[in-house]
Colleague: 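Take a look at the following structure, please.
All values reported here derive from a predicted model rather than from experimental measurement. The chains referred to below are lettered A, B, ... by the order of the sequence lines, with proteins before strands, and numbering in each begins at 1.
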There are 2 protein chains.
Amino acid sequence: MPESKITSVEVARLAGVSQSAVSRVFTPGASASKQTAEKVRKAASELGYRPNVLARAMVSGKSRIIGLLVAYLDNQFYPDALERLSSVLQDQGYHLLVFMAGKDASNVDNIVDEMLDYRVEGIIAASVSMSAKLAERCQRLGVPIVFFNREQNDKTRFSVTSDNYAGGYTVAEYLLSLGHKRISYIAGWEYASTQFDREAGFNAALTKHNMQCFGRAVGNFTHEGAAVATRQLVEQGLPDAIFVANDHMAFSVMDTLRHEMSLSIPGDVSIVGYDDVPIASWPAYSLTTVRQRANQMVSKTVEIIVAQIEGEALEPLQIKIDAPLIVRNSTAPNNQTTSA
Amino acid sequence: MPESKITSVEVARLAGVSQSAVSRVFTPGASASKQTAEKVRKAASELGYRPNVLARAMVSGKSRIIGLLVAYLDNQFYPDALERLSSVLQDQGYHLLVFMAGKDASNVDNIVDEMLDYRVEGIIAASVSMSAKLAERCQRLGVPIVFFNREQNDKTRFSVTSDNYAGGYTVAEYLLSLGHKRISYIAGWEYASTQFDREAGFNAALTKHNMQCFGRAVGNFTHEGAAVATRQLVEQGLPDAIFVANDHMAFSVMDTLRHEMSLSIPGDVSIVGYDDVPIASWPAYSLTTVRQRANQMVSKTVEIIVAQIEGEALEPLQIKIDAPLIVRNSTAPNNQTTSA
DNA sequence: AAGAACCAAAAAAACGTTTTATGTTTCATG
DNA sequence: CATGAAACATAAAACGTTTTTTTGGTTCTT
């Protein structure tokens with residue numbers, strides 16, 4: 001019958017040992033004789049004792065809390081990643097304290113301060129950037145940061161992304177191989193490295209084949225923005241194919257083309273996305289896309305951050321997870337009489 | 001230039017005051033003269049001092065941490081709610097520590113223990129149930145629990161849900177008003193109160209009109225499960241209309257009917273969902289559904305939990321937020337020659 | 001048999017705050 | 001001018017642990 005607030009002192013009293021003996025029994029590293037361990041464990045379970053993590057954190061400096069900074073969760077990729085992240089960390093005895101950055105990055109500094117107030121042992125910044133000064137400050141305080149799905153210009157940081165450049169490159173080559181000539185691009189938020197790298201790879205491949213992007217509009221990674229961008233793009237002239245900077249926008253693009261403009265996909269226009277969120281495989285969209293291997297990205301992120309927390313001195317690293325093209329039914333060979 | 005680990009003692013030294021003076025300047029309630037406050041603030045900002053939340057939590061008993069227990073995030077309703085929840089709490093100076101319960105509820109007890117180890121000030125259990133004993137234990141420890149989107153049998157707890165019974169009732173009446181005769185139901189996870197109440201309300205309305213449910217299959221709230229359930233249901237005979245226990249499954253049902261069975265929605269079958277997640281309004285689905293007002297549900301949840309944390313003694317309450325039917329294009333009047 | 005060497009346990013220090021008890025100063029009031 | 005009440009500041013206790021230091025009892029060596 002567990003009472004309200006049981007401390008190690010009371011367990012010690014019941015077990016007839018010192019308070020520090022209780023502590024040692026409950027700390028993995030420490031040593032205690034079999035006898036005392038037995039007595040302590042018995043008393044503890046009798047009283048329903050559980051160590052106070054906060055008190056432990058105070059003196060040991062280990063809060064077992066990792067701060068997660070995230071801007072939004074409406075792109076399905078993030079809840080999915082969050083779920084895995086949380087599970088994996090949980091298995092290692094860490095937990096995520098969640099901080100929403102909101103759409104504007106203006107207050108990231110304040111939020112990071114709040115995180116540090118909780119003495120988080122590490123920070124995972126998902127789809128959020130950070131001033132070099134701020135990142136430097138965390139580093140100095142011994143709080144490792146890993147950027148998840150966002151790379152910093154500053155190459156002295158850790159980041160885990162898919163290979164966005166290669167992904168974009170592959171998409172362009174694939175669309176060219178289908179015989180498409182007028183290939184357009186719908187961009188995400190201009191200041192995101194994911195956006196930038198995907199487009200750079202995409203353009204590099206086009207250039208290599210002596211082509212250039214047929215049209216371009218900005219969707220800012222939002223559903224509504226993508227619809228607007230689609231209209232702009234089509235006004236400039238109908239493309240054969242559109243590469244959309246992520247799946248979340250691609251769905252909006254497909255809906256707009258199909259239901260607003262009565263165009264057929266892939267008959268009139270081929271569409272390629274990026275992420276391979278679960279919805280992409282749903283028959284309603286069956287979206288050809290580039291897979292971000294969420295599992296691997298999460299594992300790597302956790303591996304890096306835990307290693308740093310446990311004192312390993314790693315060299316700053318920009319991990320890029322291989323990102324394969326998943327071909328579905330939103331793309332088809334170009335069957336139009338090309339160039340008039 | 002902020003140094004590594006600044007404590008109130010060092011600020012006190014620089015400001016030429018006692019350490020407790022520093023504390024009082026940084027605790028909202030406490031009083032301090034303008035002069036000292038000024039000196040302290042200056043010294044603090046010079047050193048980059050920020051109070052250690054964990055240390056504060058130790059002595060004051062206020063961790064400003066709220067535990068969020070959640071089973072899964074693939075139903076878009078939850079990330080959406082989580083985002084709002086986190087933002088609202090953040091504004092009030094609380095933060096969410098996330099715990100994934102996983103699919104099996106077997107280990108909920110352990111997870112709640114872990115939460116308590118962190119001295120969370122309250123627990124929000126989203127789409128997760130809890131043994132009466134466990135809930136009782138938290139109560140006794142002074143840690144309030146609010147069940148979000150899940151009601152406990154035990155009416156001595158707090159819960160916030162939409163009015164699932166009324167919602168289900170409305171759906172049945174609406175489908176009947178469209179002239180449908182063969183109305184089937186795809187259930188969620190059988191042990192969820194949301195599932196139970198929606199179906200109960202639905203059946204009550206059918207009964208009232210001297211009808212009964214034409215067919216029933218269980219989808220367990222999963223995408224794949226819903227596809228299987230759809231096949232089972234259709235094998236039993238094609239319904240005029242299907243009420244699906246949530247949107248997440250309804251999308252799968254629609255996809256299966258349309259792309260696997262080449263049926264038209266709403267031409268051959270009308271579909272109604274529950275939740276009104278953002279995807280429901282996308283043209284690809286344009287799903288008629290019952291709206292759960294996530295904003296209101298979140299506000300109420302936060303209101304209740306914060307009030308209890310701050311010491312108000314509320315009566316246990318089962319809040320049911322009004323849940324309006326949102327009619328879109330997945331439903332239409334029955335145009336079939338009825339009953340042969 | 002005496003000292004070293006070890007070991008388990010206990011005692012005490014530390015972590016960085018808030019809170020309580022105790023002083024001190026100021027200031028108005030009789 | 002003395003007095004009591006505010007108002008503020010300080011010192012010290014407390015929070016519940018881990019970690020370091022001290023203690024005391026064995027066992028081993030020589």
Side-chain angles (χ1 to χ4, degrees), chain A residues 2-41 43-44 47-65 93 116-121 141-142, chain B residues 2-41 43-44 47-65 93 116-121 141-142:
Chain A
E3 277 306 309
S4 49
K5 286 291 166 59
I6 304 297
T7 74
S8 57
V9 173
E10 319 186 39
V11 175
R13 184 154 42 221
L14 179 62
V17 300
S18 73
Q19 177 272 330
S20 40
V22 176
S23 168
R24 286 203 323 278
V25 171
F26 278 91
T27 22
S31 71
S33 79
K34 238 173 184 160
Q35 278 192 13
T36 24
E38 181 58 28
K39 279 191 293 184
V40 167
R41 246 175 250 293
L47 294 171
Y49 168 75
R50 308 210 98 222
N52 182 330
V53 174
L54 268 34
R56 170 180 294 169
M58 278 260 347
V59 49
S60 71
K62 287 159 181 334
S63 64
R64 315 293 303 185
I65 297 176
L116 296 173
D117 292 350
Y118 279 92
R119 298 306 186 260
V120 296
E121 293 195 64
L141 289 170
Chain B
E3 276 306 309
S4 48
K5 287 289 165 63
I6 303 297
T7 76
S8 58
V9 173
E10 318 186 40
V11 175
R13 184 154 41 223
L14 179 61
V17 299
S18 76
Q19 178 271 330
S20 39
V22 176
S23 168
R24 285 202 326 279
V25 171
F26 279 91
T27 20
S31 70
S33 76
K34 233 165 188 171
Q35 277 192 13
T36 24
E38 179 60 26
K39 279 192 293 186
V40 166
R41 246 173 250 293
L47 295 171
Y49 167 75
R50 310 209 99 221
N52 181 332
V53 174
L54 267 35
R56 171 180 294 170
M58 277 261 346
V59 50
S60 71
K62 285 154 182 337
S63 64
R64 314 292 305 186
I65 297 177
L116 296 173
D117 292 350
Y118 278 93
R119 297 306 184 262
V120 296
E121 292 195 63
L141 289 170

Colleague: According to side chain to side chain contact (heavy atoms under 4.5 Å, CB included), who are the partners of A:S63, at least two apart in sequence or on a separate chain?
Modeller: A:A57, A:I65, A:E121, B:L54

Colleague: Across nucleotides 21-26 of chain D, 5' to 3', mark each nucleotide with B, S or - according to how protein heavy atoms within less than 4.0 Å reach it.
Modeller: ------

Colleague: Quick one, B:V17 and B:K39 - any side-chain contact, counting heavy atoms below 4.5 Å?
Modeller: yes

Colleague: Looking only at atom types and distance, does a side-chain atom of A:R50 sit under 3.5 Å from a main-chain N or O of B:D117, one as donor and one as acceptor?
Modeller: no

Colleague: Could you give the start and end, 5' to 3', of the contact zone on DNA chain C for chain A, using atoms under 4.0 Å from its heavy atoms?
Modeller: C:dA8 to C:dG16

Colleague: Is there a donor-acceptor contact under 3.5 Å from the side chain of B:R24 to the main chain of B:A32?
Modeller: no

Colleague: Sequence neighbours left out, what pairs pass side chain to side chain donor-acceptor pair (under 3.5 Å) with at least one residue falling in residues 10-22 of chain A?
Modeller: A:S8-A:Q19, A:S18-A:S20

Colleague: Could you report the tightest heavy-atom contact between A:T36 and A:S33, atom names first, then the distance?
Modeller: OG1-OG, 2.7 Å

Colleague: To the nearest 0.5 angstrom, please state how far the OH atom of B:Y49 sits from the OG1 atom of B:T7.
Modeller: 7.0 Å

Colleague: Could I get a table of every N or O pair under 3.5 Å where one atom is in the protein and the other is in nucleotides 7-10 of chain D?
Modeller:
{"residue": "D:dA9", "atom": "OP1", "partner": "B:S33", "partner atom": "OG", "Å": "2.5"}
{"residue": "D:dA9", "atom": "OP1", "partner": "B:T36", "partner atom": "OG1", "Å": "2.5"}
{"residue": "D:dA9", "atom": "OP2", "partner": "B:R24", "partner atom": "NH2", "Å": "3.4"}
{"residue": "D:dA9", "atom": "OP2", "partner": "B:S33", "partner atom": "N", "Å": "3.1"}
{"residue": "D:dA9", "atom": "OP2", "partner": "B:T36", "partner atom": "OG1", "Å": "3.1"}
{"residue": "D:dT10", "atom": "OP2", "partner": "B:S18", "partner atom": "N", "Å": "2.9"}
{"residue": "D:dT10", "atom": "OP2", "partner": "B:S18", "partner atom": "OG", "Å": "3.1"}

Colleague: Provide, to the nearest angstrom, the distance between the CZ atom belonging to A:F26 and the P atom belonging to D:dT19.
Modeller: 15 Å

Colleague: Show the nearest heavy-atom pair for residues B:L47 and B:I6, with the distance to one decimal.
Modeller: O-CG1, 3.4 Å

Colleague: Which atom names give the shortest non-hydrogen contact between A:R56 and A:F26, and what distance separates them?
Modeller: NH2-O, 3.9 Å

Colleague: Roughly how bent is the helix from C:dA1-D:dT30 to C:dG30-D:dC1 end to end, in steps of 10 degrees, with each end axis from five pairs?
Modeller: 50°

